[in-house]
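Worksheet for the structure shown next.
The figures that follow rest on heavy atoms only: side chains count, while hydrogens, waters and symmetry mates do not. Below, read A as the first sequence line, B as the second, and so on, with proteins coming before strands; counting in each chain starts at 1.
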2 protein chains.
Amino acid sequence: MVTMQDVAERAGVTKQTVSNVIRGRGAVSPATAARVRAAIGELGYTPNLVARSLATGATRTVGLFVPTVTGSFYPDIVEEVEDVLDANGYHLLLCTTRLDGERAKRHLAGLTSRSVDALLIAGDRDLIDHLPLLAEASFPVALCAWETDAPDRFPVVTIDYERAGYLAGRHLRELGHERVAVLASPDHGPRVAGFRRAFAADGLTVPDAAVHTASEPTPAGGFAAATAALTADPTITALFATHDVLALGALEAARAEGRSVPRDLSIVGHDDNPEVGVARPALTSVAIPKREMAREAVELLLRALTRSGSPANSIQLLRPELVVRDSTGPADGR
Amino acid sequence: MVTMQDVAERAGVTKQTVSNVIRGRGAVSPATAARVRAAIGELGYTPNLVARSLATGATRTVGLFVPTVTGSFYPDIVEEVEDVLDANGYHLLLCTTRLDGERAKRHLAGLTSRSVDALLIAGDRDLIDHLPLLAEASFPVALCAWETDAPDRFPVVTIDYERAGYLAGRHLRELGHERVAVLASPDHGPRVAGFRRAFAADGLTVPDAAVHTASEPTPAGGFAAATAALTADPTITALFATHDVLALGALEAARAEGRSVPRDLSIVGHDDNPEVGVARPALTSVAIPKREMAREAVELLLRALTRSGSPANSIQLLRPELVVRDSTGPADGR
DNA sequence: CTGAAAGCGCTTACAG
DNA sequence: CTGAAAGCGCTTACAG
């Protein structure tokens, strides 16, 4: 392997002159700079990043933890993070925790050893127990896509999930719906709370019995929960699913029950995944700006890096937006 | 930051004794090992991986290039690669090239500088022009999920795509289909060739005019191509889509044309993505062992690392398997 | 079983 | 504008 010393000898200078021309810093005469560049080209020299990292204390690598890279949520996060990183000359070290706390812990320990300049943790499932490990990390850490129990030790950039639920509720209220049910995944408390708030604003209440927890975040789980909801209270005129996949299942359930959407039943989803636009009827859903969220989170980290301080310990909430399509209509069914 | 030297002083030994107990190598008396371990605990010492990398010349990091991390193909690859890496104590540096050759090149250049112990390139889109950059890489490189034009300079682990097409063709032949059409994505030449081989074996030929190239790898692209195929030759009794998403569109097209699947038209997909099992009718598809492929590829790389030689320059083909569901039936339509 | 030395390939002040 | 020195935090032979 060719080293900086080799280049220096070839160009007839010392190695820190070579270092200077490579980094474009310090003062080097145009003539010697040209000689150095020529030597680099002839030798095919490429600087050893590991050595540079040891000397500078920076690896220009950012770690990202996500629960998984399948599904329709996290891949966008990963790509957005990578885009921002790439634009700033950083690399991405990826860890998918896959519902495995031990694995998460192991990776966390590995990264703590200076091999990463900053760390972004997206999603709340597997890492929460091990977050204390990061308390004394020597690099900035931020959290994103965190819905519940965000530890207040780190800055977090996430969605205003409570408002997302509120938007869904307000939309149904504006359409005149009074008796409704919710299909919820276990960790979606804030969305449910926001939904209820919209009804409470009109003096209506969504009883606990109207909130049906889905056994799994799949269309099948949504189908079962929706069927349960329609059986428990056949008079409901609308359904809020805290996740689009559940809404997809609810669409099937409505069909199975012989209820036409949106005439007999309105359905609102959450996330605005690409597939909900092609569902029939196209699903009304709360869109969450996940790419913007990811971008804000990385940029926060990058800012901390250049200003070499820790980021402000704050929580930043991105605002969701309701996307109205064909699965919701007036409560009176006309 | 606490260093090995600090631990050494605290334990009353020299730093390479500390190094020895950490790595569990060299001979250290149980008593001093215990003292060292105690000191490590008290100080909260964690070894600097960058310094270790500089000394050993290994980063215990493997780079992975994929075109994207969205969709249903590459995420599985990424997770499988990470699983194998994790089991062997390696980290994952991820680069998604996103159809951007410049970006790919930039990352390639970055990784060449010793910051990665090995490199796996999955998918053939964006990197082929820059592969020569890797010719003199000092670390092992392997390719996987490569369908066409695999450069013969590197070992490749991929799917026997020609056989995948053949399996689809043979299945249709066994059902008695004679007049058929193919919906193909541009880069799927081998699948089409294999499909044709199955017909040629029976003295039949699939004319060029029966191969319809989809404008885009989406249901919409499949819909358009299928419609074109059915219009060009209304007598066909079966369709092979080289990608499941195209098959999904073909299903719609058949519906639109008033042809019942599989009675009036049989459809075979490719990839066996999870969604094709829930399509109605459930799609017959050629399943490709992508996780096994990814596993083989990383393990090949890891083997090269431990044996510190370059991997054998070979091509390993994983065999696909046909999964018969409800979208195919006999040509006579009974 | 333990310690002193050299080295991995850079960068960072600091003289000249 | 250029060069000699020290140092980043480890590991790897090699003496004792």
Can you sort out the partners of T32(B) under side-chain hydrogen bond (donor to acceptor under 3.5 Å, both in side chains), two or more places apart, ordered by chain and number?
S29(B)
Check side-chain hydrogen bond (donor to acceptor under 3.5 Å, both in side chains) between R103(B) and all other residues, then give those that pass, not counting sequence neighbours.
E82(A), D83(A)
Looking at D86(B) and R106(A), is there a salt bridge between them, counting it only when a charged N and a carboxylate O are closer than 4.0 Å?
yes
Output all residues satisfying side-chain hydrogen bond (donor to acceptor under 3.5 Å, both in side chains) with T148(B), sequence neighbours left out; order by chain, then residue number.
none
Quick one: stems for DNA chain D, with Watson-Crick or G-U pairs under 3.5 Å, at least three in a row?
C:1-3 with D:14-16, C:5-12 with D:5-12, C:14-16 with D:1-3
I need a per-nucleotide contact map over nucleotides 3-16 of chain C, read 5' to 3'. Cutoff is protein heavy atoms under 4.0 Å; write B for the base, S for backbone only, - otherwise.
BB--BBBBBB----
Pairs meeting criterion salt bridge (Lys or Arg N to Asp or Glu O under 4.0 Å) with involvement of residues 56-81 of chain B, two or more places apart
R98(A)-E79(B), D76(B)-K290(B), D76(B)-R291(B), E79(B)-R291(B), E80(B)-R291(B), E80(B)-R295(B)
Would you mind classifying the nucleic acid contact of T32(B) as base, sugar-phosphate or nothing, using non-hydrogen atoms under 4.0 angstrom?
sugar-phosphate
Side-chain donor-acceptor contacts of residues 153-160 of chain A below 3.5 Å, not counting sequence neighbours, with atom names and distances?
unit_1	atom_1	unit_2	atom_2	d
T158(A)	OG1	W146(A)	N	3.1
T158(A)	OG1	W146(A)	O	3.0
D160(A)	OD1	R163(A)	N	3.1

Do any pairs count as a ring-ring contact (aromatic ring centres under 6.0 Å, His included) and have a residue in residues 76-133 of chain A, sequence neighbours left out, and if so which ones?
H91(A)-H107(B), H107(A)-H91(B)
By side-chain hydrogen bond (donor to acceptor under 3.5 Å, both in side chains) - contacts of D100(B) (at least two apart):
none
